[in-house]
> 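This is the structure I have questions about; it appears just below.
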Amino acid sequence: MITPTKVPPRRGDRVSKGPVRWRIHTALHRMSLERIDDASSGADRLQRPHPEFRLRSDRQALPCGWVTAAYRWQNAGDPRGRLVLVAETAEAQSQNYLLPARDTTRTPVLIRLPGRVRDLRIRLPPASFGDPAPLQIKELSALQTLRRQLRPYATVVLREPAMAWHFFRRCIDVLLQHGVHELSAALTLSAGPRLPDAYAEWVRRYDAPGEPEACEVRRHLAQLRNRPTFTCIVPVTRHAAPETAAAIRSVHDQWYPHWELLLVTSSESVDAATATPQSSDENGRIRVLVAPNSGCPTDALNLALAQAAGTFCVVVTPEAQLAPYALYSVAVECNAHPDALVIYGDEDHVNRSGQRHTPMFKPDWNPDLLRSQPLIGSLIIYRTSLLRSLRGWRAGLDGLAGWDLALRASTAVSETRIRHVPHVLQHRRAESPAAPVRPAIEIVRRVLGDHLDRVGVTAAAIDDGPGSVRIRYSVGASPPLVSIIVPTRNGRRLLERCVTALRRTADTPFELLVVDNQSDDAETLAYLTELEAHSDVRLLRFDRPFNFSAVNNFAAAHAGGDILMLLNNDVEAIEPGWLSEMVGHALRPEVGAVGAKLYYPDGRIQHAGIVLGLGKLAGHGNRGLIEPDPMAGSRTDAVQNVSAVTAACLVIRAEVYHIVGGLDEALPIAYNDVDLCLRLRQRGYRIVWTPYAQLYHRESATRGLDHTMEKVRRLRREQRLMLQRWGATLNADPAYNPNLSLVSPGFTPAFPPRVPRPWSVRPD
């Protein structure tokens, strides 16, 4: 383990001493609450109306490591509005923990706090009344921690002893495939990811090359058949001279030698030559260009483009530094894919102390995500000929010229010629005077509107709350009929909630097909009779053993709508607009299936897209995540392409559903939705997940969880079928970076990564 860089605490803060170690004894902290009047201060604070309280301990230091929190908090409002415990580390990184509502302190919540806590805060939901009661936090001993972690498994084993062998086999599988670090993460899913500490350790193990690796790369360079040249463009400004010097130095120190450096400035008063490294380049690879003093940064970039001699061009902004192996990694990718026109890599951030944090592990090409946000980031390498055909960067876009260029390039080239290098190729300073000012909403609308016009999509860039813009796809002047299929067996309360929420929130025409699967509860049967009397409800009887695939295929054959929606009876819509949002995406000809953002009743995320390979074969990559999301890259607020979405809430055009044969009835319970999405992708359709369709999901409330050996054996049969059918496809999710874990809840660093480091790859 590496010891984090020390950061001076704020006055009055009590900082936990050193990293977490296994404790022999417990320590009880009685925490008092101090209201924070300025809720907008601090990098991760929310603007009001989210009141915050600072927690003060009666002991010398704040609690850290494995703890239990005992408190009492009742909130009758929105279930998403729960208490959030915010732990800020000595490295100025924060982690959020959800504290569900409870009316007793007898069952504390198990949490793993960071090792060096400098500040603890409680964040209340909006429009909360009253202050939370004081709480107690107990630091646990090693034995207590182990006992609490194993308690859920022990409960299941006591009920069915044969499950012990299942858990043991699963642990051995994880240990052999992923190692001890990932096994520990798998056993502590409920505690939440510890991204800052995990990434620091990940960097130390896998991304800190030295001179031996550099020598190995130099030997490999002789084997490259194709040695492209790179033009690195560095804008030079007066107010960012130190940052610019570091950016220039990072180019000069590249392991790959075939580059030129163009320093561009829009003012003759800025002496760009003074920022050049002392070891002046004897071959004239470093040049200074002075653009007319127009005040427009894109003029300087376009001047450099006109004089670029390299095969590829890359802009290195003053607040960024290239990793020493960046250009080498891109050259290796060019050898593997000689027709590549656009190449981008992963990034992270570095603080003033030089500590790397907040990685941006990006997916492979993801067009819907690019329309939602600047997916590619600032490190993007274009073939020079492509840049010139696009006429370079457009002026007047207030910091969004790079995003606009990426959108224009995406419509001009084939997706197969856009390549992603899954390595951290650039480090950006988190706090820099050269950081761009946030662009105006009008500029964002202009960039997206121009893009939609170019691709001929019937959609509009609309305001989505303060400071944000989204794309809303049209459902047409006469929206199509949506056939909503809801299977049910007993569970009147769940079904009634589901139907009531549908009637309250649905904003497009729909018919409701309720499929009764052998209900025998009198209350449920009475409610089904009531529903049958409604003109927009049809009651279908499925008198066979439960098979989720067969139930939905049976109902789809009776559906009259052009759009099908598969909906569990334990799913409840939250607010209007969600159905038209999903239907708008489903009507796009290139889209196969559309998924929604599902929450647990306590406000944690249950579904934000399915990741192939996560867990055993596929899993929910953001399960249990608390919002606002402190992890970069989990993308829970952006429309994007994913590999699969859950059939608990899935929208698809009826013709497409029937073309691919619907759900596979050989997969009666699990993975049928994953299989459907993979078959759709096989035919060239995209799978879209949208955060603008939000619903609650009481997962498996009717059927129950797989905690019996009979269900485990059935699950294994389905897993074997999926492995036979899809094989290697399940191990390479293009929407999920290979540097991310397949064991823990997702979007945390993988130990080890599933892609070789650049210096360990011998080029062909």
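We number each residue from 1, following the sequence as shown. Computed from heavy atoms alone, side chains included, the values below leave out hydrogens, waters and symmetry copies.
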> Examine the side chains of His451 and Arg371 and answer whether a donor and an acceptor come within less than 3.5 Å of each other.
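His451 vs Arg371: donor-acceptor pair found between side chains.
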
> Measuring from atom CZ of Arg681 to atom CD1 of Ile687, what distance do you get when rounded to the nearest 0.5 angstrom?
7.5 Å

> Would you say that Val84 contacts Arg121 through its side chain, given a criterion of any heavy-atom pair below 4.5 Å between the two side chains?
no

> Just wondering, do Arg653 and Pro480 contact through their side chains at under 4.5 Å, heavy atoms?
no

> Between Arg635 and Ser372, does a side chain to side chain contact (heavy atoms under 4.5 Å, CB included) hold up when you go through it step by step?
CA-CA 10 Å; Arg635 311 189 301 264; Ser372 300; over 6 Å; no

> If the plane angle is over 60° it's perpendicular, under 30° parallel, otherwise tilted; pick one for His585 and Tyr473.
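Tilted, since the angle between the ring planes falls between 30° and 60°.
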
> Would you mind reporting whether Pro734 and Pro363 have side-chain heavy atoms less than 4.5 Å apart?
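No, every pair of side-chain atoms sits at 4.5 Å or beyond.
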
> Please walk me through it: do Tyr696 and Ile574 pass side chain to side chain contact (heavy atoms under 4.5 Å, CB included)?
CA-CA 7 Å; Tyr696 296 131; Ile574 297 176; 3.7 Å; yes

> Measuring from atom CD1 of Ile563 to atom OH of Tyr657, what distance do you get when rounded to the nearest 0.5 angstrom?
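Between atom CD1 of Ile563 and atom OH of Tyr657 there are 14.0 Å.
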
> Could you go through the side chain to side chain contact (heavy atoms under 4.5 Å, CB included) check for Glu511 and Ile484 one step at a time?
CA-CA 6 Å; Glu511 63 167 357; Ile484 302 178; over 6 Å; no

> Taking Leu663's backbone N and O only, do any of them form a donor-acceptor pair with Asn553's side chain (distance below 3.5 Å, no angle check)?
yes

> For the residue pair Gln373 and Trp403, what are the closest heavy atoms and their distance?
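So the minimum-distance heavy-atom pair works out to O-NE1, 3.6 Å.
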
> List the atom of Leu452, the atom of Ala461, and the distance in Å for their closest heavy-atom pair.
CD1-N, 4.2 Å

> If you apply the rule salt bridge (Lys or Arg N to Asp or Glu O under 4.0 Å), what do you find for Arg725 with Asp675, and how did you get there?
CA-CA 9 Å; Arg725 180 174 296 171; Asp675 176 76; 2.8 Å; yes

> Going by distance alone, is a donor N or O of one side chain under 3.5 Å from an acceptor N or O of the other, for Asp507 and Trp578?
no

> Shortest non-hydrogen contact from Ser519 to Thr488?
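That would be OG-O, 4.1 Å.
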
> Any sub-3.5 Å donor-acceptor pair from Glu665's side-chain atoms to Ser549's backbone N or O?
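Answer holds: no.
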
> Quick one: does Arg445's side chain have a donor or acceptor within less than 3.5 Å of a partner on Arg470's backbone?
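A pair under 3.5 Å: no.
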
> Is Arg504 atom CZ crowded by more than 12 heavy atoms from other residues, nucleotides or ligands, each under 6.0 Å away?
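Result for CZ/Arg504: enclosed.
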
> Set out, in order, the CA-CA distance, both residues' side-chain angles and the distance that settles salt bridge (Lys or Arg N to Asp or Glu O under 4.0 Å) for Glu532 and Arg538, then state yes or no.
CA-CA 6 Å; Glu532 203 169 10; Arg538 281 194 285 158; over 6 Å; no

> Using a 4.5 Å cut-off on heavy atoms from C-beta on, say whether the side chain of Arg489 contacts that of Asp520.
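Sidechains of Arg489 and Asp520: in contact.
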
> Evaluate Leu567 against Leu502 for side chain to side chain contact (heavy atoms under 4.5 Å, CB included), listing each step before the verdict.
CA-CA 11 Å; Leu567 187 68; Leu502 276 176; 4.0 Å; yes

> What is the distance from atom CZ of Arg493 to atom SG of Cys498, rounded to the nearest 0.5 Å?
15.0 Å

> Could you tell me whether the side chain of Asn490 and the main chain of Asp521 form a donor-acceptor pair under 3.5 Å?
yes

> Does the side chain of Tyr671 come under 3.5 Å of the side chain of Gln719 through a donor N or O and an acceptor N or O?
yes

> Rounded to the nearest 0.5 Å, how far apart are CG of Asn672 and CG of Leu667?
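If we round to the nearest 0.5 Å, Asn672:CG and Leu667:CG are 6.0 Å apart.
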
> For the pair Asp463 and Arg472, find out whether any cationic side-chain nitrogen is under 4.0 Å from an anionic carboxylate oxygen.
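A salt bridge is absent here (no side-chain N lies under 4.0 Å from a carboxylate O).
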
> Can you see which heavy atom on Gly577 is nearest to which on Ser580, and at what distance?
O-OG, 3.3 Å

> Between Gln694 and Glu575 (side chain of the first, backbone of the second, donor and acceptor by atom type, cut-off under 3.5 Å), is there such a pair?
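A pair under 3.5 Å: no.
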
> Identify whether the distance between the nearest side-chain nitrogen and carboxylate oxygen of Arg446 and Glu442 falls below 4.0 Å.
no

> Short question: side chain of Asn366, backbone of Asn641 - any donor-acceptor pair under 3.5 Å?
yes

> Side-chain contact, heavy-atom cut-off 4.5 Å: Asn552 with Val515?
no

> Roughly how far, to the nearest 0.5 Å, is CG of Leu540 from CG of Leu513?
5.0 Å

> Please check: side-chain N/O of Thr529 versus main-chain N/O of Leu525, any donor-acceptor pairing under 3.5 Å?
yes

> Give a yes or no on whether a salt bridge exists between Glu415 and Arg686, defined as a side-chain N under 4.0 angstrom from a carboxylate O.
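Salt bridge present between Glu415 and Arg686.
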
> Counting only heavy atoms not in Arg503, do more than 12 sit closer than 6.0 Å to its CZ atom?
yes

> Could Glu523 and Arg492 be called an ion pair, given the rule that one side-chain N must be under 4.0 Å from one carboxylate O?
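Salt bridge between Glu523 and Arg492, a charged N being under 4.0 Å from a carboxylate O: no.
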
> Taking Asn517 for its side chain and Phe542 for its backbone only, find out whether a donor-acceptor pair lies under 3.5 Å.
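The answer is yes, because a donor-acceptor pair under 3.5 Å joins these two groups.
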
> Under 3.5 Å, is there a donor-acceptor pair linking the side chains of Arg698 and Tyr600?
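No.
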
> With no hydrogens and no angle check, is any side-chain donor or acceptor of Asp364 less than 3.5 Å from a backbone partner on Ala735?
no

> I would like to know whether Asp664 and Arg679 meet salt bridge (Lys or Arg N to Asp or Glu O under 4.0 Å); could you show each step before the answer?
CA-CA 10 Å; Asp664 187 351; Arg679 284 185 281 125; 5.8 Å; no

> Evaluate Ser643 against Asp733 for side-chain hydrogen bond (donor to acceptor under 3.5 Å, both in side chains), listing each step before the verdict.
CA-CA 7 Å; Ser643 290; Asp733 189 335; 2.5 Å; yes

> A side-chain contact here means heavy atoms from C-beta on lying under 4.5 Å apart; do Asn569 and Val514 qualify?
no

> Looking at every non-hydrogen atom in both residues, tell me the closest pair between Ala593 and Leu680 and how far apart they are.
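Reported closest heavy-atom pair: CB-CD1, 3.8 Å.
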
> Examine distances only and state if a side-chain atom of Lys597 and a backbone atom of Tyr692 form a donor-acceptor pair shorter than 3.5 Å.
no

> Are any of the side-chain heavy atoms of Leu564 and Val651 separated by less than 4.5 Å?
no

> Let me confirm one number: the CG-CG distance from Asp516 to Asp543, rounded to the nearest 0.5 Å.
9.0 Å

> Looking only at the aromatic ring of each residue, does the gap between the centers of Phe747 and Phe361 stay below 6.0 angstrom?
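No, the ring centres sit 6.0 Å or more apart.
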
> Between Ala596 and Leu695, which heavy-atom pair has the shortest distance, and what is it?
CB-CD1, 3.6 Å

> So, do Leu85 and Ile122 sit near enough that their side-chain heavy atoms are less than 4.5 Å apart?
yes

